[in-house]
2 protein chains.
Amino acid sequence: MRKSIAIDMDGVIADVEQQFLDWYQRDYGTLFTKDDLAGKNDDTLFPEAGLARRFVLSPGFFLSLPVMDGAVEAVKKLMETYEVYIVSAAMEFPLSLPEKLEWLNINFPFISWRNIVFCGDKSIINTDYMIDDHLKNLDNFKGKTIMFHAYHNVSANHHVRANNWDEVLNILSKENSTK
Amino acid sequence: MRKSIAIDMDGVIADVEQQFLDWYQRDYGTLFTKDDLAGKNDDTLFPEAGLARRFVLSPGFFLSLPVMDGAVEAVKKLMETYEVYIVSAAMEFPLSLPEKLEWLNINFPFISWRNIVFCGDKSIINTDYMIDDHLKNLDNFKGKTIMFHAYHNVSANHHVRANNWDEVLNILSKENSTK
C-alpha cells in the first residue's frame, strides 16, 4: 500500500504570508518583507491589532491567495509515490470553505475531491506523513512530521524543518532511499 | 484519553431517506414508505432514473434535511463519554458544504467546529469507532464499526447493525460495560 501524506493549505501550498504583505501594502502603503514578520504571530503581525484576523475574514482572501513557490510541481511529484491528501483546518472560518475548494480546483485541479479534507482539529487525521506549518497540528500527529517554515514557527526545533518545497522533496527522498 | 467516535451525517444524524420520500411526494404525488425503498440504491430508488441524484444536487436539499429520530439526544449522551466528531463525505457535492455546516449549527449547535470534518474518502479518519451507513466507509475503517440501517445496506451483515439511535447507545454501552 502506498504511504500517505497530509498536506496543509495555508502557509504550505497557499502563501498566506505573501497575501498579508500584499494586502498590508495595498491598505497602509507600507511594504514589509517576510523577514520583518519572522518570529511574530497572528496577533502581533502588524502594528494594527487584529488586522491579520480582519484580512482572513474578508471575502476573497482565501480565493486570491498566491500559490506557494514550487508547490504545484512538488505536489505532482509526490503524487507519483504517495497518496496525497490536502488537509485544511478550514472549519474555524466557515466562509472560507467554498473559497478554499474553488482555490484548489483552480490551482491544483489534479487533486481529486476524494483527497480533500476540511476539518477543525487535525488530531483524527491518520496518514504516514504530515506537512504543516502549525505546531498545534504537528505536535499531536502520530506519523512523521515535516514543519514548513512560517513566521510563527521560527523558534520551534522539535520537527524536521523544510524552508521550501525543494527541501520537502529532499527530506522525503532521503526517507525513501534509506528503506 | 477519551475514546473517539466518527459519526456520519447523511443517513445517520440527517434523515436523507425521509427527505427523498417527502420530495418525491411533493413532486410526483406518490407517497412511498421507507419499506418501499429497502434494498434499493441511489440509482434504483425511484422509477425516474437519476432522480435521487437530482434531489441531492438541488439547492436547499441538505439545509432542510430532517434530523434523524433520537440523534440529538444520543449524540449529546455520547459526548459525555466520547470525543465525538461529525465526519461527512461532503466533497463530492461542493455546494453542500455551506448547507451542511449551517445545518449542523442549527440542529447540533453544541458540536464545536473543532469536531467537524468534511472529506472525500474517509480512509484517513482515525477514531476508535465509526458510525456510518455506507459500506465504502465502514469496510476500510481500522477501528470498531457500527452500521446505521439504511435502504442501501439491508443485505450487508459484516458490521454490527444499529436500526436506530437507541440501538447505537445500547451497543456502545455494552462495549463499555465489558471493559
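Numbered from 1 within each chain, the chains take letters A, B, ... in sequence-line order. The figures here come from the full heavy-atom set of this structure, side chains too, leaving out hydrogens, waters and symmetry mates.
Contact between B:Met91 and A:Ile116 at its shortest, heavy atoms only, is CG-O, 3.5 Å. When every heavy atom of A:Leu138 is checked against every heavy atom of A:Ile146, the shortest pair comes out as CD2-O, 3.9 Å. Residues B:Pro98 and A:Pro98 come closest through the heavy atom pair CG-CG, 4.0 Å.
Counting heavy atoms from C-beta outward, B:Phe108 and B:Val67 have side chains that approach closer than 4.5 Å.
Residues B:Leu104 and B:Leu78 share a single hydrophobic cluster, defined by chaining ILVMFWY side chains whose heavy atoms lie under 4.5 Å apart.
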Exercise for the section: Begin from the C-alpha positions of B:Val56 and B:Phe20 and carry the test side-chain contact (heavy atoms from CB on, under 4.5 Å) through to its verdict. Expected result: CA-CA 9 Å; B:Val56 163; B:Phe20 280 149; 3.8 Å; yes

Anything under 3.5 Å between chain A and chain B that's a donor-acceptor pair? List each one with its distance, please.
from     : atom 1 : to       : atom 2 : distance (Å)
A:Tyr85  : OH     : B:Asp121 : OD2    : 3.3
A:Tyr85  : OH     : B:Ser123 : OG     : 3.3
A:Arg114 : O      : B:Asp121 : N      : 2.9
A:Ile116 : O      : B:Gly120 : N      : 3.3
A:Phe118 : N      : B:Phe118 : O      : 2.7
A:Phe118 : O      : B:Phe118 : N      : 2.7
A:Gly120 : N      : B:Ile116 : O      : 3.3
A:Asp121 : N      : B:Arg114 : O      : 2.9
A:Asp121 : OD2    : B:Tyr85  : OH     : 3.3
A:Ser123 : OG     : B:Tyr85  : OH     : 3.3
A:Ile124 : O      : B:Asn126 : N      : 2.8
A:Asn126 : N      : B:Ile124 : O      : 2.8

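The parts of B:Ile125 that come within reach of chain A are both its backbone and its side chain, each placing non-hydrogen atoms under 4.5 angstrom from that chain.
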